[in-house]
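Data first, discussion second: the structure below is written as structure tokens.
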Amino acid sequence: MAMDKNFDATTAEARIVALWDREGAFAAGANKRRDDAFSIMIPPPNVTGSLHMGHAFNNTLQDILVRWHRMRGFDTLWQPGQDHAGIATQMVVERELAKEGKKRTDFTREAFLAKVWEWKAQSGGTIIGQLQRLGCSLDWSRNAFTMSGAPGAPSGEEGNFHDAVIKVFVDMYNKGLIYRGKRLVNWDPHFETAISDLEVENIETDGHMWHFKYPLAGGATYRYIEKDKEGAVIVDEMRDYISIATTRPETMLGDGAVAVHPSDERYAPIVGKLCEIPVGPKEHRRLIPIITDEYPDPLFGSGAVKITGAHDANDYGVAKRSGIPMYRLMDTRAQMRADGAAYAEAAAIAGAVARGERTLSEAEADALNLVPDHLRGLDRYAARKAVIDEITAEGLAVMTVASDPRLGAAAVKPAPATAPGPLGQEVPDQVRDAPVPLVEEKKIMQPFGDRSKVVIEPMLTDQWFVDAEKVVGPALDAVRSGRVKIMPESGEKTYYHWLENIEPWCISRQLWWGHQIPVWYDEDGKMYCAPTETEAQDMALGKRLTRDPDVLDTWFSSGLWPIGTLGWPEQTDELQKYFPTSVLVTGQDILFFWVARMMMMQLAVVDQIPFHHVYLHGLVRDAKGKKMSKSLGNVVDPLEIIDEYGADALRFTNAAMASLGGVLKLDTQRIAGYRNFTTKLWNACRFAEMNGVWEGHATQSAPPAAQATVNRWIIAETARVRETVDAALAEYRFNDAAQALYAFVWGKVCDWYVEFAKPLFDGEDAAETRATMAWVLDQCMVLLHPMMPFITEELWGLTGQRDKLCAHADWPEYGAELVDAEAMREMRWVIGLIEGVRSARAQLRVPVGLKLNMVQLDLDMQGRAALSRNMALVTKLARIASLEEVGSLPKGSITVTVEGGTFGLPLEGVIDIAAERDRLEKTCAKAEKELGGIEGRLRNPKFVASAPDEVVDEARARVLVLTEEMARLRAAITQLDSVA
RNA sequence: GGGCGAUUAGCUCAGUGGUAGAGCGCUUCGUUCACAUCGAAGAUGUCAGCGGUUCAAAUCCGUUAUCGCCCA
């Protein structure tokens with residue numbers, strides 16, 4: 001049956017996926033021929049996710065490694081699974097409910113979770129099919145899920161991942177590595193949950209800075225002196241206030257102090273005194289102390305900073321250091337609090353605290369609602385406006401003139417100094433100089449929730465934390481000692497930097513979808529941490545318990561991915577065999593989120609590293625290097641790419657892009673190029689088929705014993721490329737492996753070997769050549785299989801007798817013993833001659849179809865032997881009709897020089913003599929230039945003395961070759977001139 | 001502000017000390033039976049600038065410029 005002209009990727013891919021599945025080709029341990037294990041855990045995609053280019057890239061690399069090891073006979077596992085993605089999944093399901101006009105809170109927690117599981121059963125498997133389309137050889141029978149085995153999990157979700165998560169929490173709690181505490185956390189007012197530092201994106205946005213006066217208590221005054229850089233006095237006045245700058249006026253309500261730098265002389269006279277917060281009912285104005293702290297920057301704003309410990313991270317630090325009370329102002333939706341006692345009462349208590357008459361416990365401070373009654377219940381931005389208006393109305397805003405450039409766009413523009421245009425009317429002085437509040441227009445960094453995209457509110461709340469400082473040591477040591485290697489190396493530096501400055505990790509989330517924290521409280525608030533309620537109840541001796549409603553950060557559970565997917569805490573066979581895993585392949589953007597946390601957690605829990613190598617890669621960008629985003633419209637859908645070019649082309653592109661630390665720019669032109677490469681391979685095999693190469697062929701691990709140089713040569717080239725590919729893959733240089741295979745398959749096999757074979761199929765070497773070609777093409781399929789599994793599996797099935805799948809083909813181990821230096825040198829010479837003839841013909845515009853006679857002016861013994869052995873190849877590929885030895889070149893000949901000889905193509909009257917002369921001169925000049933450089937080096941005695949011998953020898957050899965070539969060219973030029 | 005990285009052909013990128021490569025694009029020619037998703041031939045570089053180390057620097061060191069990414 002004749003092969004089609006092209007590989008039909010669309011139909012073949014689906015068929016081959018089914019074939020692999022039917023054969024169980026990717027089950028753990030499939031094709032095992034040795035005891036060494038090789039295991040990779042997939043970075044679990046979100047259960048809500050669908051395949052994007054990042055996944056496609058990441059999983060292509062993993063699949064290459066996995067297929068390579070499986071073919072090499074390792075006991076291989078590629079573990080699949082999905083992450084339950086707390087916020088994202090809850091969001092998706094809530095959105096579904098919203099379509100029916102329902103809210104999460106219309107359901108009980110259990111009923112809502114049932115809805116989530118229902119959704120998961122219907123839509124949670126999308127990415128599995130998509131990974132299969134990419135050709136990923138995961139062991140799907142082991143598919144894991146980070147919520148498997150949780151209470152309420154339906155049938156089919158009976159795994160024990162939940163047990164692992166709960167066990168780890170309890171263990172870490174008992175070891176004192178997890179604690180509950182009131183700390184400032186990033187609060188997402190949309191999802192009404194805390195999130196970790198890493199889930200916050202700081203984005204520069206347009207903002208404003210207001211300047212307000214905080215009057216000194218009791219009408220006190222001081223002399224305020226401000227100097228410029230040279231020390232000259234620029235302000236010297238009596239003041240009864242301290243000037244504060246803020247970007248968040250609404251938080252003034254919760255101020256606990258005003259801080260200045262200890263070295264700031266301007267405020268030295270009033271440090272320790274009290275000032276008044278200029279908001280709220282006049283009769284209940286709160287007084288707060290003026291304190292010193294290293295945090296305020298004397299050069300920024302007025303140099304004085306208001307301290308709102310409950311709503312700002314920096315202020316929190318100051319408040320902690322100085323024992324300043326922290327008053328929470330907002331509720332879970334970032335609206336001003338409406339709970340607790342009336343403002344007058346709360347303000348009185350806060351006043352007593354400020355005067356040092358009493359202190360507050362954390363809980364008492366948190367219960368105190370210092371939002372004035374008329375602002376209660378307002379959104380934070382509405383409250384901001386009200387605060388600003390009230391202060392300004394009272395005359396306590398710092399004023400400036402309307403033309404002050406600090407006002408930005410709001411400033412009145414001064415009239416142009418020269419040539420006012422028709423519209424550039426003079427702005428009257430009274431308008432320019434009118435007093436207005438100083439509201440600076442400036443860029444501020446604002447925190448946004450990476451999921452909700454709303455402004456994050458720093459909020460003082462009770463949360464659970466991992467005391468990361470206590471578990472970071474072993475994670476650092478593992479990398480420092482080299483037990484875990486992170487690639488590229490720059491990743492290690494980043495890793496150190498983050499871990500050395502680690503902050504407590506907030507792991508509680510105020511969500512329903514996730515692993516509920518295994519802690520119960522009795523009526524006195526005492527905590528009982530246990531794996532089950534029964535065990536907690538046993539500890540609590542008859543007290544009535546309620547469970548902590550919060551769930552754990554999704555990353556806490558995915559931090560256990562390596563052991564959790566292998567059945568831990570049960571001591572399974574798989575755990576014994578496949579843990580620690582071989583390598584983790586993931587994006588550098590989750591180095592902290594996930595990689596570092598897996599390191600910390602695995603080491604803390606089972607005292608072992610989770611993986612030996614970490615391969616980090618960047619973001620896949622568009623062809624111009626821009627991030628792919630929906631708003632830019634430059635998102636490339638991998639499934640569309642697969643539809644258009646085939647999965648193999650996409651995969652090969654991914655491999656070719658994957659240089660260590662490289663930037664990933666995805667260009668469809670490049671994908672098209674690699675699709676062409678698959679076609680090239682296809683057609684080489686088709687050519688072989690048409691020439692009976694596969695007839696009677698069965699898979700052979702060893703190459704045939706070849707006599708013909710050309711066959712010995714291609715066998716040697718195959719051996720060399722196998723060594724290159726293995727060396728590259730061993731170092732995760734996917735791009736080098738791809739490049740080597742591309743150059744070999746296209747540049748050596750298709751461009752030369754197939755062409756060389758054509759004239760041999762009829763001669764005495766026919767049988768040997770067919771056997772060699774079958775073997776070489778087999779090797780192409782095998783070596784390309786990890787990168788291009790579909791077309792290679794298809795070709796494998798269409799050619800020869802196969803005992804097993806290409807996916808299970810034996811990866812070759814041959815190397816140096818097949819490298820035939822003699823054959824390689826000879827074929828290099830033959831190719832040089834053919835290229836010389838072709839180049840000369842093309843440059844002198846000899847018609848391609850014309851077969852020429854060739855004369856041999858002189859040729860050394862090696863050349864004569866090479867030519868006689870390969871004459872059929874030369875005559876076919878250089879289009880030579882006859883060869884004859886001559887004593888001198890006939891008039892009007894083209895000259896072709898080769899190593900050890902000169903040939904001529906007599907073409908009197910056909911060619912342009914001047915053009916031929918130019919060509920020879922140019923070639924000669926090039927050789928001369930190179931020769932000059934090398935001779936210059938050799939003339940330097942220091943070079944000869946210091947450089948390694950082989951470099952010097954190489955230079956000397958090159959001089960000989962170049963000298964000889966130039967002599968031949970000169971002779972040819974002289975000959976041309978003498979005839980002309 | 002701190003950390004990490006990049007700058008090589010028109011474009012996208014390889015290149016860890018021995019005198020610079022690939023793919024795409026471009027130019028010319030060509031449908032002889034594997035392939036026009038092809039073949040043959042060809043042109044193309046102050047390796048960002050400056051300084052240093054070295055017999056030798058795209059490569060190592062320092063510095064400047066520009067551009068990224070991460071963290072404040």
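Below, read A as the first sequence line, B as the second, and so on, with proteins coming before strands; counting in each chain starts at 1. Below, each value reflects all heavy atoms present in this structure, side chains not excepted, and no hydrogens, waters or symmetry copies. Note that the coordinates shown come from a computational prediction; the quantities given were computed from them, not determined experimentally.
Taking atom C1' in both rU59(B) and rG2(B), the straight-line distance is 28 Å, to the nearest Å. Atom C1' of rU31(B) sits at a distance of 8 Å from the matching atom of rA36(B), rounded to the whole Å. Rounded to whole Å, the separation between the P atoms of rC24(B) and rA65(B) comes to 39 Å. With C1' as the reference atom, rC70(B) and rU64(B) are 24 Å apart, rounded to whole Å. Atom name P, nucleotides rU53(B) and rC11(B): the rounded distance is 34 Å, in whole Å.
Remark: P of rG25(B) and CD of Gln669(A) are 6 Å apart, rounded to the nearest angstrom. Atom CZ in Phe652(A) sits roughly 12 Å away from atom P in rC24(B) (whole-Å rounding). A straight line from NE2 of His617(A) to P of rG68(B) spans 23 Å, rounded to a whole angstrom. Rounded to an integer number of Å, the gap from Trp752(A) CH2 to rG39(B) P is 12 Å. Across the protein-nucleic acid pair, Leu844(A) atom CG and rA41(B) atom C1' stand 12 Å apart, rounded to whole Å.
With no hydrogens or angles considered, no side-chain donor-acceptor pair links Thr718(A) and Gln779(A) at under 3.5 Å. A side-chain N or O of His261(A) and one of Glu294(A) form a donor-acceptor pair less than 3.5 Å apart.
Within 4.0 Å of Tyr742(A), counting heavy atoms only, lie sugar-phosphate atoms of the nucleic acid but no base atom. Across all strands, Cys685(A) comes closer than 4.0 Å to no nucleic acid atom at all (heavy-atom distances). Counting any heavy atom pair closer than 4.0 Å across all strands shown, Glu755(A) reaches a base atom. At the heavy-atom level, Met445(A) lies under 4.0 Å from base atoms of the strands shown. Within 4.0 Å (heavy atoms only), Lys680(A) reaches at least one base atom of the nucleic acid.
A donor-acceptor contact under 3.5 angstrom links the side-chain atoms of Arg937(A) to the base of rU19(B). Counting distance only, with no hydrogens placed and no angle test, the side-chain atoms of Arg670(A) and the base atoms of rU12(B) include no donor-acceptor pair under 3.5 Å. If you check distances only, the side chain of Glu835(A) never reaches the base of rA40(B) with a donor-acceptor pair under 3.5 Å.
Of the residues near RNA chain B, Ala672(A) and Asp667(A), the one whose nearest nucleotide (by heavy atom distance) lies more toward the 5' end is Asp667(A).
Between the Asn940(A) side chain and the Lys942(A) main chain, a donor and an acceptor come within less than 3.5 Å of each other.
Salt-bridge annotation for Arg248(A) and Glu457(A): present, with a side-chain N of the basic residue lying under 4.0 Å from a carboxylate O of the acidic one.
In this structure, Tyr742(A) has its ring center under 6.0 Å from that of Tyr674(A).
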